[in-house]
Amino acid sequence: MAFEGLTERLQGALSKLRRKGKVTEADVNQAMREIRLALLEADVNFRVVKDFIKVVKERAIGAEVLDSLSPAQQIVKIVDEELTKMMGETAVPLNKSPHVPTIIMMVGLQGAGKTTTAGKLANYLVQNEKARPLMIAADIYRPAAIDQLKTVGSQINVPVFDMGTDVSPVEIVRQGLAQANLQKNDYVLIDTAGRLQIDETLMQELADISALAHPNEILLTVDAMTGQAAVDVAEGFNDRLEVTGVVLTKLDGDTRGGAALSIRAVTGKPIKFTGQGEKLTQLDIFYPDRMSSRILGMGDMLSLIEKAQQDYDEQKAVDMAEKIKENSFDFNDFLDQMDQLQNMGPLEDIMKMIPGMANNPQLKNVKMDPKDMTHMKAIVQSMTPKEREDPDLLNPSRRRRLAAGAGRPIQEVNRMIKQFNQSKKMMNQMSKGNFNGMEGLMGNGVQGRMGKMAMNSMVRKNKKNKKKRLKNARRFKS
């Protein structure tokens, strides 16, 4: 996960302040030293670190902070605000042309993920803006680059314009734009060539394409795993092309995150999107404030809600709620739920978006192996249609058959069926507003304690809402 090491170090530094009732200037200095080391180890640009620490320290040792009732919370708030400012304060949308098409030019070094990102961005525009984009294959040098873009285009049903590898990239772009005008495409994404390093030939070609196309956006695709080198790459491209924004790729493979924290502060260019994973749906708008909250272990509920809304089918959710209410939830529904949960990404990352979970020390020992869910799905898929619809049919001999079919131990089959029955019972009781006796269904491990906490919260909320309804009813009668 991105920023994992940095998150751990920053939480360690700030937790020491939280444990103190009164914070002195010496405490702040010690915390700043630890934060400085954490940022440098995360491969954040040293000039950015120096400026960041200076500003945070000046604000943190002010009388209004140290003399407040909760100085530690005030300092955490200051660190959060300055981290957000370092990364750009607010999300920056795509520049759009007043007339169609909006032209987006993708640039970057070879291997940074330009072609995949072009596909992800085209898919994002189709899904979120009902756009009709056209992609232009202008990389004639890398083997199979055109075929890759065509494959990506076919997966998301977006047309790709190409003229092979024997025509100059500038001519390909010229004719591609002419076709986009004829087809009335509202977006054009130009996939340009990259090199292993910045060179004059590459830059001149990109400059010629830019002079012809007059793009509304020149998006620099940067591999987050290159750390501080990403900042040098951004400066090199910007000097020749006037880059308008940055897309950070492979953020899920970089536990440090120095590029994300440095690139805006050094170049002044906003990070507009981040890419995590190979799926064409895995492109996210970059929100500096949300990223700061995640780095400090404060969760990111807004992104979690948006992810759930994006990946969950609304009609399926309504149907599921009705089935739970009628107590007709079966293994087919269970399978659908697992598929939709897997689409949201790794469970550890989802958990860390929940406030209070990211810095929960108990969660560090909880490893949610994606194979566990795959094994559960294999067991369900080994069932007959009748067994999925009626779990009561699963007697010992049938369970042995399932274990053999899924290649899993019989104990695992029994455990999964027991968990399914408990979940079904719990959901049915909750749908009727009955929260009594739920503790026994939660288990005794970390997940059990978390479940009990969530359940207690729901009970309190339910009681509070009941009191409010009674109060409003009395007021109405009077």
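Any value given below was found using the heavy atoms of this structure, including those in side chains, with hydrogens, waters and symmetry copies removed.
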Problem - Under 3.5 Å: donor-acceptor pair, side chain of Asn421, backbone of Ile417 - result: yes
Handout entry: Under 3.5 Å: donor-acceptor pair, side chain of Asp199, backbone of Leu202
Key = yes
Practice task
Check side chain to side chain contact (heavy atoms under 4.5 Å, CB included) between Ala378 and all other residues, then give those that pass, not counting sequence neighbours.
Solution key: Ala406
Exercise for the section: With the side chain counted from C-beta on, respond yes when Val233 and Leu109 share a heavy-atom pair under 4.5 Å apart, and no when they do not. Expected result: yes
Practice task
Hey, could you give me the CZ/CG distance between Phe161 and Leu134, rounded to the nearest 0.5 Å?
Solution key: 8.0 Å
Problem - Atom of Glu387, atom of Phe331 and distance for their closest heavy-atom approach - result: O-CD1, 4.2 Å
Problem - Partners meeting salt bridge (charged side-chain N to carboxylate O under 4.0 Å, His left out) with Lys96 (sequence neighbours left out) - result: Glu129
Fill in the blank from the handout: To the nearest 0.5 Å, atom CG of Asp51 lies from atom CZ of Phe46 at 10.0 Å
Exercise for the section: State, to 0.1 Å, how close Val160 and Gly153 come at their nearest heavy-atom pair, and which atoms those are. Expected result: CG2-CA, 4.1 Å
Practice task
Indicate yes or no: at least one non-hydrogen side-chain atom of Leu219 is less than 4.5 angstrom from one of Val246.
Solution key: no
Handout entry: Any pair counted as salt bridge (charged side-chain N to carboxylate O under 4.0 Å, His left out), so long as it reaches residues 164-178, sequence neighbours left out
Key = Glu171-Arg174
Practice task
Could you note down all residue pairs passing ring pair (Phe, Tyr, Trp, His ring centres under 6.0 Å) where residues 108-148 supplies at least one of them, sequence neighbours left out?
Solution key: Tyr124-Phe273
Practice task
Indicate yes or no: does Lys250 engage Asp223 in a salt bridge with an N to O separation below 4.0 Å.
Solution key: yes
Problem - Distance-only donor-acceptor check, side chains Gln282 and Glu278, under 3.5 Å - result: no
Handout entry: Separation between OG1 of Thr192 and CD1 of Ile209, rounded to the nearest 0.5 Å
Key = 6.0 Å
Completion exercise
Residues at least two apart in sequence or cross-chain that pass side chain to side chain contact (heavy atoms under 4.5 Å, CB included) with Thr165, listed by chain then number, are Ile140, Ile146
Practice task
Would you please name every residue forming a side chain to side chain contact (heavy atoms under 4.5 Å, CB included) with Lys184, sequence neighbours left out?
Solution key: Arg132
Practice task
With sequence neighbours excluded, tell me which residues meet side chain to side chain contact (heavy atoms under 4.5 Å, CB included) with Arg142.
Solution key: Gln110, Thr115, Asp139, Ala145, Gln148
Practice task
Under the salt bridge (charged side-chain N to carboxylate O under 4.0 Å, His left out) rule, collect the residues that match up with Lys57, sequence neighbours excluded.
Solution key: none
Practice task
Provide the full list of salt bridge (charged side-chain N to carboxylate O under 4.0 Å, His left out) pairs with a residue in residues 149-165, sequence neighbours left out, each pair given once.
Solution key: Lys150-Asp162
Exercise for the section: Before giving the answer on side-chain contact (heavy atoms from CB on, under 4.5 Å), spell out for Leu335 and Met383 the whole-Å C-alpha distance, their side-chain angles and the decisive distance to 0.1 Å. Expected result: CA-CA 12 Å; Leu335 202 59; Met383 297 177 186; over 6 Å; no
Problem - Side chains of Pro159 and Met135 in contact at under 4.5 Å (non-hydrogen atoms) - result: no
Handout entry: Polar side-chain atom of Thr84 near backbone of Asp80 as donor-acceptor pair, under 3.5 Å
Key = yes
Practice task
For residues 82-95, pull every pair meeting salt bridge (charged side-chain N to carboxylate O under 4.0 Å, His left out), keeping only residues two or more places apart or in separate chains.
Solution key: Arg59-Glu82, Glu82-Lys85
Problem - From Ile103 atom CD1 to Asn216 atom CG, the distance as rounded to the nearest 0.5 Å - result: 6.0 Å
Handout entry: Residues which pass salt bridge (charged side-chain N to carboxylate O under 4.0 Å, His left out) with Glu217, listed by chain and number, not counting sequence neighbours
Key = Lys272
Problem - Interatomic distance, Leu125 atom CG to Thr102 atom OG1 [nearest 0.5 angstrom] - result: 9.0 Å
Exercise for the section: Please round to the nearest 0.5 Å and tell me the distance separating atom CD of Gln74 and atom CD1 of Ile78. Expected result: 6.5 Å
Exercise for the section: Would you list the pairs meeting salt bridge (charged side-chain N to carboxylate O under 4.0 Å, His left out) in which at least one residue belongs to residues 227-240, sequence neighbours left out? Expected result: Glu200-Arg240
